Protein chains: 2
Amino acid sequence: MTLPRAKPNQPRIAPCAAMDCRACEFRSLTFCAGLPEREIAELSAIVTRLRIEPQQVIIQEGDPADHVFNVTSGVVKLYKLLLDGRRQITGFLLPGDFLGLSSRVGYAYSAEAVTDVSLCRFPRQRLEEAFDRFPHLRRRLFDIANDELVAAQDQMLLLGRKTALEKIASFLLQLSEREQRRGAGLGSLDLPMTRGDIADYLGLTIETVSRTLSQLKGQALIKQKSLSEIELTNIDALQEITES
Amino acid sequence: MTLPRAKPNQPRIAPCAAMDCRACEFRSLTFCAGLPEREIAELSAIVTRLRIEPQQVIIQEGDPADHVFNVTSGVVKLYKLLLDGRRQITGFLLPGDFLGLSSRVGYAYSAEAVTDVSLCRFPRQRLEEAFDRFPHLRRRLFDIANDELVAAQDQMLLLGRKTALEKIASFLLQLSEREQRRGAGLGSLDLPMTRGDIADYLGLTIETVSRTLSQLKGQALIKQKSLSEIELTNIDALQEITES
DNA sequence: CGCACCCTTGATCCTGCTCAAAGAAAGTGG
DNA sequence: CCACTTTCTTTGAGCAGGATCAAGGGTGCG
């Protein structure tokens, strides 16, 4: 298990003048698509753009949940800790994903930048007011929250009942599909997180992650271009391992 | 959706003339509290009351998600299966809990009655229409979905990083707290589910569940009145085991 | 170049799983 | 009501998947 070793929070970059929805990768895909100009303006008025460095803590479990974030570039990890330092990463956020949606009083998890990250930050209070004026916006967020719930249930199945090999195969396929949905090439995969992050996401140790990746390499199901670049050379075989 | 197929479907009790919110345990607590008469009438018009027997299947993963249910009495288990039969129970529903909320096209999990169960069934389409007329109802459901998401994240931490002893202790305390919140006595606990269900909920085997309960009994942290009745005789010690 | 950090690989250990058997409940039919 | 069956639970013995401990190798950075 790995101990948290986040750097202290760094100064945040000032808000940009207006939120351009077309420039905001996620929102054009999932949230902003088809929104009338008036509502976009409403949201523009309350957004703050942030840039975050790797290892920087974005929110901490228990902090008052004053903001909702949307990732516009980079990768964020969400995690929960036990008192003795054991860590469970509950998800990786890619561009387009929301952060802090599910929180009501305090954030239910901590979030830390894996890579350089750009965020849109919304004050929760103002966002709620916007939703009250445009209820169908809340509907969109509701759907997104439900998708998160479905993903969480899949992850429970993985954590509780899959073997190390199945976990790794599922993880590689899941990341590949998410990147593809965002326009990446089939089979080529970037793993910006450390082996320790992967271990804490899958409920394994660093050593088991490393060994299992080596095993897949040995069976020629994956090829490793560099530490973080992986190519899935036999997707069918990976899917057969997953067999869910 | 499906009708239960483990046992033949029983005649359904006709929808009650008007849905009496005070008679509907959950809704008085979480959902219906403070709703104006008009909205209650709206919901009354579309609800169907059902009675389900133990082991009867309520919904199956993948079925079209045509209905939303609310448990009014009894216990329901939600689960996902792997092809070879491995099972992960993702949650137990107590009176007041919703079923099928997070589903959009198809149900993301199967649900089966653990005990005799009473349900309120809402056609999703009609429910959505009601939400469009009364947007603050959707807001309430959004909050409920978010609570589910928070619970799912806690469960991921449990599945990925806790020991068998910690899992069992967490489970007992969690159930005890939920029953207390619904008015049960402190420390006295009913486990209507089988050891197999508990195992599949905690990512363990039946034998490990049984052994761990015996261990807690040996340390006098719990007392077993019958197979399903357990008394938590040392809650502090249990909480110390959990230590999260 | 040297240090720090991360990753890989090997050896050994241990928690929880598997296999097995017997006891306790609960249903079933006479 | 009781004999019989089925299902669930408990407990024991042995095993194994993944964890832990340890050492060495890459890689990036000052």
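Naming: A, B, ... by sequence-line order, numbering from 1 per chain. Quick caveat: nothing in here was measured; it's all calculated off a predicted structure.
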Check: Are side-chain heavy atoms of A:K77 and A:R87 found at a separation under 4.5 Å?
Finding: yes
Checklist line | For atom CG of A:D200 and atom P of C:dC7, their distance in whole Å | finding: 12 Å
Notebook entry, point to check: side-chain contact (heavy atoms from CB on, under 4.5 Å) with A:V75: which of A:D197, A:L93, A:L94?
Noted result: A:L94
Can you check nucleotides 28-30 of chain D for protein contacts, nitrogen or oxygen pairs under 3.5 Å, and list what you find?
none

Next item on the list: May I have the distance from B:K167 (atom NZ) to C:dT15 (atom P), rounded to whole angstrom?
Entry: 14 Å
Margin query: Without decimals, in angstroms, what is the distance between B:Q55 CD and C:dA26 P?
Written below: 13 Å
Item checked: Main-chain N/O of B:S170 paired to B:Q239 side chain as donor or acceptor, under 3.5 Å -> no
Next item on the list: Output yes when B:E231 and B:K217 qualify as a salt bridge under the 4.0 Å nitrogen-oxygen rule, no when they do not.
Entry: no
Note to self: So does B:S176 get a backbone contact from the side chain of B:E179, meaning a donor-acceptor N/O pair under 3.5 Å?
What the structure shows: no
Item checked: Lys/Arg-Asp/Glu bridge criterion (N-O < 4.0 Å) met for B:E177, B:R182 -> no
Checklist line | Under 3.5 Å side-chain donor-acceptor pair for B:R51 and B:S118 | finding: yes
Note to self: Looking at every non-hydrogen atom in both residues, tell me the closest pair between A:I206 and A:A199 and how far apart they are.
What the structure shows: N-CB, 3.6 Å
Next item on the list: Starting from C1' on C:dT18, measure out to CZ on A:R161 and report it in whole angstrom.
Entry: 13 Å
Check: What string of B, S and - do you get for nucleotides 8-18 of chain D 5' to 3' if you count protein non-hydrogen atoms under 4.0 Å?
Finding: -SBBBB----S
Check: Is the shortest side-chain N to carboxylate O distance from A:R161 to B:D200 below 4.0 Å?
Finding: yes
Notebook entry, point to check: Going by heavy atoms closer than 4.0 Å, what residues in residues 78-92 of chain B are next to DNA chain C?
Noted result: none
Checklist line | Output field: ring centroids B:F92/B:Y201 closer than 6.0 Å | finding: yes
